[in-house]
Every structure is written in structure tokens, then in C-alpha cells.
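Below is one structure, written out as C-alpha cells; the observations come after it.
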Amino acid sequence: MIEIKKMFLEGAELDFLLEIVGRSVIMFILILVILRLSGKKGVRQLTLFEVAIILSLGSAAGDPMFQEELPIIYALVVLFSVIVIYKFVTWLSSKSTLINKILEGEAMVVVRDGMFDLKHEHDGDFSKMEFFSELRNQSVEHLGQVRMAVLEIDGSMSILFYPDAEVKYGLPLFPDDYKRIISNQDGVPVACMYCGQISPHIPINQSCPRCQRENWAFAIDTKRV
Ligand SMILES: [Zn+2]
């Protein structure tokens, strides 16, 4: 049996509860000041480096809120040190593309000319499922609409579209159309379900000339709305 009362109350001192409120207010204000000093505008998209900074800030800010033996000055020193490191490393990486690459990674071409780019296929960070959902989020119905899509270092996707007149047949990305087919249907091109290669019909030997995989779906050429 878990003892709820023991978990919540054992060892708690009434005076310290009030102090915790005061400590929390102070730490909260401090962390706001520190985040303003960092110069970031918001946190919608963070690079890995920034996530590391936020984690260290969070831990340093949280502990003194409720640990009696921790004077707030310790946390203050940690917060300022982390911000100084952040500023210094940001400055360094603005001076050197190599350091920037090591810290933040590189933008990666995901779609080129209406097909998945296969150059990074064997990299650890190449996740097709993630690309599918990111492209769908941006209302891309099929790859034939996309001239180029780039995965940015903060995880967002930048997309250049073909104008309506140049939209071609492409691999559908939504589940209703992304279905494996076995036989051709007259006049409908097919798309390789792995790389997006388009073929006027399923090749005789069944496998994709570009990636050698064997699953095909009917291609579509709907315009963007
Ligand atoms: Zn293929």
C-alpha cells in the first residue's frame, strides 16, 4: 500500500512552506529576466543546443525553490554562467560555420523535383514517416506539388511549391491514396511508395529503377487549393 499521507506530508515544516512561496516567486522572476537576456523571442522551435540550455536553466531554477539548504545566490551564479556560455557559443558559431554545424546540425534537402531526395537515406536522422507528417501538416497532398522541401535545423520544414500549371504526377501522402497496388490501371501513372519515382505503369520487373523497392501506389496530380 502506498502511504499517500507520508508521501505528501512527512517531514514538511509549516514555516518553510511560506518560504517556498517566496523562493518560487523570486526564482520565477529571475528565470524570466535570464530568458529575456538570452535574446530569444519565443520557444516554438528550438535547436538541440537551445534545448540543452533550457534544461540546465530549468534544473538550476527549480531546485532552490524548495530546498532549504540551497541559497538562491548559487542558482543565480548558475543562471548567469549558463547565459554567458550561451552568448559565447552563439557568438562562436556565428564566426565559424564548422562550429555551427557541429552544434546545430545542417539543413537537409528532403524533396527535390517532386521526389524524395535519397542522398541522406542511410543517415540515422532520416525518418520518412516524420517527413510524411510534416508535409501533410503543410497541406501537401502529393509530392508532385513540391519543387523542393528542406528540413531546417530546428525541425521545421520549408517548402517551395510548383505553380499550379507545373504540378505533375506525384506520390500521394494522405492515407486514402497512399495504398499499395498490384496491377496497373490504363492511363494512370504509378509512384514508388518509398522514393516517389513516377512511372507510366508498374515496371515489368516490378522494382523501382531509382531505389529498387517494389511497392507502388497510383500517382495523383491534384492542384493546390
Ligand atoms: Zn523508388
Side-chain angles (χ1 to χ4, degrees), residues 43-52 93 97-225:
V43 291
R44 206 178 73 85
Q45 300 283 1
L46 292 175
T47 63
L48 287 182
F49 173 60
E50 286 163 349
V51 171
S93 69
T97 36
L98 178 69
I99 293 181
N100 190 275
K101 219 169 112 177
I102 293 170
L103 278 174
E104 319 238 283
E106 257 185 310
M108 175 165 87
V109 175
V110 173
V111 179
R112 197 191 292 275
D113 303 326
M115 286 181 289
F116 281 117
D117 195 81
L118 293 176
K119 212 181 337 160
H120 300 279
E121 190 189 357
H122 301 294
D123 292 5
D125 49 2
F126 186 94
S127 160
K128 294 271 314 268
M129 285 304 123
E130 191 189 321
F131 302 157
F132 269 72
S133 90
E134 194 58 47
L135 288 163
R136 285 195 298 259
N137 271 324
Q138 307 253 358
S139 311
V140 179
E141 193 179 357
H142 63 90
L143 290 186
Q145 298 175 338
V146 178
R147 183 155 68 82
M148 179 157 285
V150 173
L151 187 65
E152 305 291 352
I153 52 173
D154 62 7
S156 64
M157 185 89 82
S158 306
I159 302 177
L160 293 177
F161 290 100
Y162 283 116
D164 274 359
E166 291 172 35
V167 167
K168 44 187 184 177
Y169 274 99
L171 174 66
L173 301 174
F174 283 80
D176 278 1
D177 293 315
Y178 184 79
K179 278 191 201 128
R180 179 163 186 251
I181 46 162
I182 297 135
S183 64
N184 292 307
Q185 193 176 307
D186 278 349
V188 185
V190 293
C192 168
M193 292 178 82
Y194 185 82
C195 74
Q197 168 79 37
I198 299 294
S199 165
H201 47 77
I202 301 179
I204 308 301
N205 62 5
Q206 297 274 303
S207 74
C208 169
R210 193 162 166 254
C211 72
Q212 275 71 51
R213 287 172 174 81
E214 295 183 353
N215 293 333
W216 299 89
F218 285 123
I220 53 176
D221 65 348
T222 47
K223 311 274 183 269
R224 298 190 68 225
V225 183

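Note that these values count all heavy atoms, side chains included, but never hydrogens, waters or copies made by symmetry. Whatever order the structure lists ligands and atoms in, that order sets their numbers, starting from 1.
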Check: Leu143 and Leu135 side chains under 4.5 Å, non-hydrogen atoms: yes

Shortest non-hydrogen contact from Gln145 toward Ser139: OE1-O, 4.3 Å

Donor-acceptor pair between Ser158 and Glu152 side chains, under 3.5 angstrom: yes

Near the Zn ion (ligand 1) (under 2.8 Å) - protein N, O or S atoms: Cys192 SG, Cys195 SG, Cys208 SG, Cys211 SG

Student check: side-chain heavy atoms of Leu171 and Tyr178 closer than 4.5 Å: yes

Within-4.5 Å side-chain heavy-atom neighbours: Phe116 and Val110: yes

Lys/Arg N to Asp/Glu carboxylate O, Lys223 vs Asp164, below 4.0 Å: no

